[in-house]
Amino acid sequence: MRKDPSGAPRTGLAVGKASTAATILSQGEQRALASFIAGRLPAGQLHEELSRARATALAKAAAQPMAHTAAPAAAPAPSAVPAPALHAA
């Protein structure tokens, strides 16, 4: 087992790999977190805003039950025009 600089043993799990279930944030949740990080939303209101955004997203999903199970649209074909080369000056 490896040890970190403080001498404590490491478990080998990276922070991002500790959970196998990935959670996708709704647009409202992203907005609430962005406001909190930017300092526009106090920490005491963060939970309330996240809960409200999650409830709104769940209500919206319940209103459209078959929208998320539809087959994905075909991706457009890549254009034949090459991307411009970027050169450092």
Side-chain angles (χ1 to χ4, degrees):
M1 190 178 301
R2 298 179 303 186
K3 293 190 175 192
D4 68 3
S6 68
R10 294 175 61 181
T11 61
L13 289 176
V15 173
K17 295 184 180 186
S19 173
T20 57
T23 302
I24 298 173
L25 297 176
S26 69
Q27 185 177 10
E29 290 170 319
Q30 291 175 9
R31 196 174 353 193
L33 287 173
S35 294
F36 172 71
I37 291 170
R40 295 186 304 264
L41 182 65
Q45 294 178 2
L46 180 60
H47 177 72
E48 180 182 335
E49 291 297 322
L50 289 174
S51 297
R52 182 180 303 139
R54 175 58 67 176
T56 302
L58 290 174
K60 191 176 192 180
Q64 301 172 353
M66 298 304 291
H68 67 280
T69 59
S79 65
V81 178
L86 301 175
H87 299 287

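For the numbers below, each heavy atom of this structure counts, side chains included, while hydrogens, waters and symmetry mates do not. The first residue of the sequence shown is numbered 1, and numbering continues consecutively from there.
- Summarising the geometry, atom CD belonging to Glu49 is positioned 4.5 Å from atom CZ belonging to Arg52; distances are rounded to the nearest 0.5 Å.
- Panel note: side chain Gln30, backbone Leu25; a donor-acceptor pair is recorded below 3.5 Å.
- For Ala53 against Ser26, the heavy-atom pair with the smallest separation is O-OG, 4.0 Å.
- Between Leu50 and Ala32 the shortest heavy-atom distance is CD2-CB, 3.9 Å.
- Within the 4.5 Å cutoff, the side chain of Leu41 has no heavy atoms near those of the Leu33 side chain.
- No side-chain donor-acceptor contact under 3.5 Å links Gln45 to the backbone of Pro42.
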